[in-house]
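Please read the structure below before turning to the comments.
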Protein chains: 2
Amino acid sequence: MNSPDDLHQRPIVSVDLAIFALAPDGLEVLLAQRGAEPFAGSWALPGGWIHVDEDRDLEAAAQRVLRDKTGVAAPYFEQVGVFGDAARDPRGWSLSVTYMALIAKEAVTLMHGGNATGAAWHPIGSDTATIPLAFDHAAILKAAVTRLRNKVEYTTLPVHLLPEAFTLSELQAVYERLLGRLLDKSAFRKRIAEVDFIEPIAGEMRRASNRPAQLYRLKQARSTVFFDRTI
Amino acid sequence: MNSPDDLHQRPIVSVDLAIFALAPDGLEVLLAQRGAEPFAGSWALPGGWIHVDEDRDLEAAAQRVLRDKTGVAAPYFEQVGVFGDAARDPRGWSLSVTYMALIAKEAVTLMHGGNATGAAWHPIGSDTATIPLAFDHAAILKAAVTRLRNKVEYTTLPVHLLPEAFTLSELQAVYERLLGRLLDKSAFRKRIAEVDFIEPIAGEMRRASNRPAQLYRLKQARSTVFFDRTI
DNA sequence: GTAATAGTGTCTATCAGACACTATTCA
DNA sequence: TGAATAGTGTCTGATAGACACTATTAC
């Protein structure tokens, strides 16, 4: 039988990230341009190897990659899954452990270096990126987008695409852009109030040439609330 | 920077399975008793290494492990996630790619061999197994149980715990045992009819000393239907 | 005042769940 | 006929969503 000590039997493992933010035109993903073979010059999900003597666990490795690319420390973070087969990387049987992160675009400072020659935001089409991606990253990104779009339907997850303080109208606009349909203001606010995951910031208002709007913030960082379901 | 060719930088990767079935007393999981160190003699989730020159992809590796342990070929199958850190396996930084499978207990013939000295069904408590498990398998199993229990609320997944032919009353009983609460017969049948994922087997009835019950089967194998949600 | 958006109240068509009823078999 | 479970019908209280209304600012 096989053994873990037969090193050539070990697959290659990378940690890759689908980092999402919301731009005026819709959802965007952060991509890195590859500087080395394979797929040199192609765009790919930012990622890296596990540093076995530095990373305590998988999530720490993913957080390290995120920090190196964006300078962001603690956004919403979720494992999407593992993708692995013999053919996705020409260097051999490989795994990609994929996480997705949601951040407010304003919070990000793009970093350069490593074996990527640049990083940039790219729009998400109906499914995945609008440009070809290295490895099987188009399929991986598609899985992450699908997960995100599904969760918009029944969780408070989209709040993580907004900056710390936001109005209810801004929150509703995020849902509407992700869902691709308009929501009723009254019904939306009832639903949000029901699950009780945000709180007004006393005295803080968003001002414009109209009635000022109350600013809100998340109640506890990193908690995702589910709306009610059935059966 | 690191490289995948530095073999000592590669974590160990195993594929582990949470195989669930329903017994008269409730949900059970198939565990294997370890024959070798580490954790020799302890019970663990059945698993194995990736055979890089045999397994086409991760799911194929998982299916191979399942086939070797149970003789079952094509049950319901779903990736639960990856669990990885420096400490979970004394042999080094390791990953467990975990799948869960749902099967009808009658379909299984337990296999022996490999580095496991035996395999047996064990009850699931409120959370995880009622006995201590090797590695971090108690936590992994808990994640799988949580996933399963959640999905019972809004999917047709429990049907995979029944044999090919079943009655609506039997299906309702599965939901009730997994949910731990009784369901209304009329409402349950409306819901099931709505999502249209099973079909009557013409003329086939379950007979007892009462009115016979129509037998049903899945419409297409391996499709999981979601009940409707909101926002 | 007007324009613009924030925020709340009301009304109704729908429907999930409670419950009762009928149907069909065995003994 | 009675016991047991299958399967269907009905009624009602709750509520999601449509829509209209009031509130508060800048100009």
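Throughout, protein chains are lettered first and strands after them, A, B, ... in sequence-line order, and every chain is numbered starting at 1. Hydrogens, waters and symmetry mates are skipped; everything else that's a heavy atom, side chains included, is used.
- Glu170(B) pairs by the salt bridge (Lys or Arg N to Asp or Glu O under 4.0 Å) definition with Arg206(B), not counting sequence neighbours.
- By the salt bridge (Lys or Arg N to Asp or Glu O under 4.0 Å) test, Asp196(B) pairs with Lys219(B), sequence neighbours left out.
- Remark: Ala165(B) pairs with Ile201(B), Leu215(B) by the side-chain contact (heavy atoms from CB on, under 4.5 Å) rule, at least two apart or across chains.
- The base of dG9(D) lies close enough to the side chain of Ser186(B) for a donor and an acceptor atom to sit less than 3.5 Å apart.
- Scored by the side-chain contact (heavy atoms from CB on, under 4.5 Å) test, Ala23(A) finds Glu28(A), Lys105(A) as partners (sequence neighbours excluded).
- Across its full length, the helix from dG1(C)-dC27(D) to dA27(C)-dT1(D) shows an angle of 10° between the axes of its 5 terminal pairs at either end, rounded to 10 degrees.
- Partners of Arg189(A) under the side-chain contact (heavy atoms from CB on, under 4.5 Å) rule, at least two apart in sequence or in another chain, are Leu168(A), Ser169(A), Lys185(A).
- By the salt bridge (Lys or Arg N to Asp or Glu O under 4.0 Å) test, Asp55(A) is found to be paired with Arg64(A), residues two or more places apart in sequence or in another chain being considered.
- With sequence neighbours excluded, the residues satisfying side-chain contact (heavy atoms from CB on, under 4.5 Å) with Asn210(B) are Ala208(B).
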Under 3.5 Å, which protein N or O atoms sit close to an N or O of nucleotides 12-15 of chain C? Give each pair with its distance.
none

Give the table of side-chain donor-acceptor pairs shorter than 3.5 Å for residues 118-138 of chain A, with sequence neighbours excluded, one pair per line with atom names and distance.
{"from": "Thr128(A)", "atom 1": "OG1", "to": "Ala138(A)", "atom 2": "O", "distance (Å)": "3.2"}
{"from": "Asp136(A)", "atom 1": "OD1", "to": "Arg88(A)", "atom 2": "NE", "distance (Å)": "3.1"}
{"from": "Asp136(A)", "atom 1": "OD1", "to": "Arg88(A)", "atom 2": "NH2", "distance (Å)": "3.0"}
{"from": "Asp136(A)", "atom 1": "OD2", "to": "Arg88(A)", "atom 2": "NE", "distance (Å)": "2.9"}
{"from": "His137(A)", "atom 1": "ND1", "to": "Leu45(A)", "atom 2": "N", "distance (Å)": "3.0"}

Walk along nucleotides 22-27 of chain C from 5' to 3' and tag each nucleotide B, S or - by protein heavy-atom contact under 4.0 Å, base first, then sugar-phosphate.
-BBBS-
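- A search for salt bridge (Lys or Arg N to Asp or Glu O under 4.0 Å) contacts involving Arg147(A) returns Glu78(A), not counting sequence neighbours.
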